[in-house]
Amino acid sequence: MAFQVHTPDELRELLVMLVMSGAGGDAARWREAIGDIRKLPAAMSARFNWRIKPKGDATERRVIRRSLEIVRGAYPYVAG
């Protein structure tokens with residue numbers, strides 16, 4: 001089974017679209033709350049190689065984390 005590997009910017013946009021479809025709001029605000037996608041060294045995790053540090057209030061972080069589970073489940077690896 002081949003994995004499709006996206007760039008950090010592509011994954012961030014996927015997260016933004018998913019969050020907006022469920023929670024509404026402004027794309028620029030969600031981009032800010034999601035923050036940057038950080039690629040992890042391969043030795044840190046065999047299941048995925050990227051993470052984020054969501055910002056915002058508790059509700060925003062909860063929405064982002066739920067969306068993160070969906071996106072990371074489909075795209076566990078980031079390029080670059």
Side-chain angles (χ1 to χ4, degrees):
M1 178 174 160
F3 288 102
Q4 183 175 2
V5 179
H6 291 282
T7 66
D9 288 340
E10 290 170 336
L11 286 176
R12 186 167 148 189
E13 288 307 307
L14 283 171
L15 280 167
V16 168
M17 287 188 298
L18 186 58
V19 167
M20 284 181 54
S21 70
D26 179 63
R29 170 66 191 123
W30 284 116
R31 276 186 206 96
E32 181 183 326
I34 290 167
D36 293 329
I37 303 275
R38 181 172 173 214
K39 184 176 178 183
L40 301 173
M44 297 227 9
S45 176
R47 294 182 306 139
F48 54 85
N49 78 337
W50 60 278
R51 72 175 182 188
I52 61 172
K53 276 187 100 170
K55 304 169 191 94
D57 63 31
T59 301
E60 290 172 329
R61 290 191 313 270
R62 185 172 44 253
V63 168
I64 291 168
R65 285 189 184 110
R66 287 182 180 163
S67 298
L68 173 63
E69 291 174 21
I70 294 167
V71 172
R72 191 184 278 153
Y75 306 104
Y77 303 103
V78 66

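- The nearest pair of heavy atoms linking Pro8 to Ala79 is CD-O, 3.4 Å.
- Here CD1 of Ile70 is found 15.0 Å from CZ of Arg65. Values are rounded to the nearest 0.5 Å.
- The shortest distance between side-chain heavy atoms of Ile64 and Ile52 falls below 4.5 Å.
- Atoms OH and NZ, on Tyr77 and Lys39 in that order, are 11.5 Å from each other to the nearest 0.5 Å.
- Using a 4.5 Å cut-off on side-chain heavy atoms (C-beta onward), Leu40 and Arg51 make contact.
- Inter-residue side-chain proximity for Arg31 and Glu13 is flagged as met; some heavy-atom pair is nearer than 4.5 Å.
- Legend: residues meeting salt bridge (charged side-chain N to carboxylate O under 4.0 Å, His left out) with Asp36, ordered by chain and number and at least two apart, are Arg12.
- With rounding to the nearest 0.5 Å, the separation of CZ in Arg72 from CG in Leu15 is 9.0 Å.
- Applying the 6.0 Å contact sphere to CZ of Arg66 captures no more than 12 heavy atoms from other residues, nucleotides or ligands.
- We find the CG-CG distance between Leu68 and Leu14 to be 12.0 Å, quoted to the nearest 0.5 Å.
- Under a 3.5 Å cut-off, the side chain of Arg61 and the backbone N or O of Pro54 do not form any donor-acceptor pair.
- For the pair Arg38 and Trp50, the cation-pi test (distance below 6.0 Å, angle within 45°) is failed.
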Using the rule given for side-chain contact (heavy atoms from CB on, under 4.5 Å), can you reason through Val5 versus Val78, listing the C-alpha separation, both sets of side-chain angles and the distance that settles it, and then say yes or no? CA-CA 6 Å; Val5 179; Val78 66; 5.5 Å; no

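- Residues Ile37 and Thr7 form no side-chain contact, since every pair of their non-hydrogen atoms from C-beta on lies 4.5 Å or further apart.
- The two atoms that bring Val63 and Ala23 nearest to each other are CG1-CB, 4.1 Å, heavy atoms only.
- You'll find the side chain of Glu60 reaches within 4.5 Å of the side chain of Trp30, heavy atoms only.
- Of all heavy-atom pairs between Arg47 and Pro76, the closest is O-CB, 3.2 Å.
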